[in-house]
S.K.: 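One structure, pasted below without further comment.
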Amino acid sequence: MSQISLKDLRHSYVAQPAGDDDWALKRLNIDWSDGGAYALLGPSGCGKTTLLNIISGLLAPTEGSVWFGDKDVTNIAPDLRNIAQVFQFPVVYDTMSLFDNLAFPLRNRGVPEPQVDAKVREIAEMLDLTGMLQDRASGLTADAKQKISLGRALVRTDVNVIMFDEPLTVIDPHLKWILRSKLKELHQAIGTTMIYVTHDQTEALTFADQVVVMHEGTVVQTGTPVELFEKPRHTFVGHFIGSPGMNVLPCAVANGVPMFAGTQVPTDHPVAGAESAARLEIGVRPEFVSFAEDGIPVNIVKVADAGRYRIVDARHGETVIRLLVSDGEQVPSDGARVRFDPAHTQVYADGWMIT
Amino acid sequence: MSTKTVNQRAWLFVLPVVLLVAFNAVIPLMTVVNYSFQETFGDNVFFWEGTKRYEQELHSERFHAALGRQLAFTSIILVIEVPLGVAIALAMPKRGPWVSVCLVLMALPLLIPWNVVGAMWNIFALPEIGLLGRTINAIGIDYNFTQSPVAAWFTTVLMDVWHWTSLVVLLAYAGLCSIPDAYYQAAKIDGAGAWATFRYIQLPKLKRVLTIAILLRFMDSFMIYTEPFVLTGGGPGNATTFLSIDLVKVALGQFDLGPAAAMSLIYFMIILAVCWVFYTLMMRGEEQ
């Protein structure tokens, strides 16, 4: 096991990449420390699967290198990299029993049979598959099959990293939850580095210690779920994570203080570096907007009940500001004003956070 | 609201199909059944014979010999064409400009009319003027398919392999192309070699198309007529007289319609039974 580093990585599916749009992955430098639980989060087509296939060796990067510890593995075949991968659709060997499926990667590597037997039983126990070991793999349900795919990764002791490519896509919703908790539990038990690719923020945020958010071939932010929520470094992260997403409001900055609709919007720190920006925006999550005596005057346009809280769409001019109102609280009918929590109000210049 | 209007006129829509099937299949088949159970001396006068024809046919040495040749022929071509077809399909490129070239080349033999195939191979294999015949003789092997039964069988089998392996190739190729990439990637990561990949991924995924390929090749080869008829005429002697060639000899050559009818029904039942048994065995435990 070792740290995984991506150095100056770029990839294009076009033979002669010319413009920026030709690069599926724009220049990346990432270090994944040993034993971490990472999620690669982003919308479809942002390059996450490409990145995953480069790490596993199924794809050779156009530029840059992949390092496992102090070893350059850029040109090493997948089976020699000691990695494991769980795919979107469960891959099982239909004609084999469940036992033989789990034993397959070990037998291919010439592990002696008594050791294979012990290891397979141990992993089957962890995955709650013990009672089914002699069943044929072809007749199983999707979630059992996906457990087998995962099991084939876990039986190996030499694995540097286990990668998951949207592994819960074909699983029924009520089983998703169970498998996800199982995965978290397994990570804590065996401590192998895991990289989990998904476009589902719930999966990413519950599984990972560190979430890497990707957008159009670049990493826009790496951080803990809390950091991503409270301090999105890019407006995309603000939109993509959280439900509903962050309010992004056009603003101006005067003397280090952002101004929205002629009102000063206080922040924790004075804003610097706003001068050269073409586009300035305030970002504030609906969780940190509240009704107040004085502040920005708004009209309430919509109130949606989301169970424990209500989502209120308030309008100032043409701009809609969302806020969350808890169950007991009153929504004022007219003359409403809202204020933003200064500790959780950020200013973005051309999409990127400035402080 | 449980009363439904039953409109019997809807049957009129089915009528064309019923007529087509009747004249195309049911009536001809029943005519054969009639001939097999009854004797006629013309003038539409029939005498009931019962199962006598069937008993005679089943005990006839001539029928046994033809059936034996037929089984041998079908087994040989299946043993050659199925593995060869799968091997060629595995070797074909999966993407790129060569895919269409390969597919067209493979499809060519299937597009040639069967009697033309027979005629082509007849000329190709003639010992004096044919390219194949002269070449084999030139390397010192005495080869004349019009005189030697071994040479006649060799030529007939070779012709069939040339003509029909493509069908297995195309079916197997389609089957291979439908295997998702993730399976190959998983196999690579699991450290499986080429043989293990074939044995545990490709072959199981090909099971259905291969079942169909084997069924088609079994039925077609079991009913083979045109090509060997043109190539060898069933000879030398009766060496390549397969069931359908023998059937035509009995029915049209000797005009023994009764025995021919019994023979063709037994023939039909054998094909039906073999296909059913084979299909049932292959599809056992494949309900999901």
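Each chain gets a letter, A, B and so on, in the order its sequence line appears, and its residues count up from 1.
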S.K.: Report the distance from atom CE of A/Met96 to atom CZ of B/Arg199, rounding to the nearest 0.5 Å.
M.R.: 7.5 Å
S.K.: Might you confirm whether atom NZ of A/Lys71 has over 12 heavy atoms from other residues, nucleotides or ligands at distances under 6.0 Å?
M.R.: no
S.K.: Is the number of heavy atoms from other residues, nucleotides or ligands within 6.0 Å of CZ (B/Phe278) greater than 12?
M.R.: yes
S.K.: What distance separates A/Asp165 CG from B/Gln185 CD, expressed to the nearest 0.5 Å?
M.R.: 9.0 Å
S.K.: Could you measure the distance from the OH atom of A/Tyr93 to the NZ atom of B/Lys205? Nearest 0.5 Å is fine.
M.R.: 11.0 Å
S.K.: For A/Val91 and B/Ala186, which heavy atoms make the closest approach, and how far apart are they?
M.R.: CG1-CB, 3.6 Å
S.K.: To the nearest 0.5 Å, what is the distance between NZ on B/Lys207 and OG1 on A/Thr95?
M.R.: 9.5 Å
S.K.: Is a donor from one side chain sitting under 3.5 angstrom from an acceptor on the other, for A/Asp100 and B/Tyr200?
M.R.: no
S.K.: State whether the number of non-hydrogen atoms from other residues, nucleotides or ligands found under 6.0 Å of A/Phe207 atom CZ is greater than 12.
M.R.: yes
S.K.: Please name the pair of heavy atoms, one in B/Lys188 and one in A/Pro78, separated by the smallest distance, quoted to 0.1 Å.
M.R.: CD-CG, 3.7 Å
S.K.: So what's closer than 4.5 Å to chain B heavy atoms on A/Ile83: side chain, backbone, both or neither?
M.R.: both
S.K.: Report which part of A/Val86 has an atom under 4.5 Å of a heavy atom belonging to chain B: side chain, backbone, both, or neither.
M.R.: neither
S.K.: With only heavy atoms counted, which part of A/Arg156 is less than 4.5 Å from chain B, the side chain, the backbone, both or neither?
M.R.: side chain
S.K.: Between B/Ile189, B/Leu203, B/Asp190, B/Ile201, which residue shows the highest count of heavy-atom pairs closer than 4.5 Å to chain A?
M.R.: B/Asp190
S.K.: Hey, is CZ on B/Phe268 packed in by over 12 heavy atoms from elsewhere, all under 6.0 Å?
M.R.: no
S.K.: Indicate the atoms forming the closest heavy-atom contact of A/Phe104 with B/Ala196, along with that distance.
M.R.: CZ-CB, 4.1 Å
S.K.: Evaluate whether atom CD of A/Glu113 has more than 12 neighbouring non-hydrogen atoms of other residues, nucleotides or ligands under 6.0 angstrom away.
M.R.: yes
S.K.: Grab the two heavy atoms, one from A/Pro90 and one from B/Tyr183, that are nearest each other, plus how far apart they are.
M.R.: O-OH, 3.8 Å
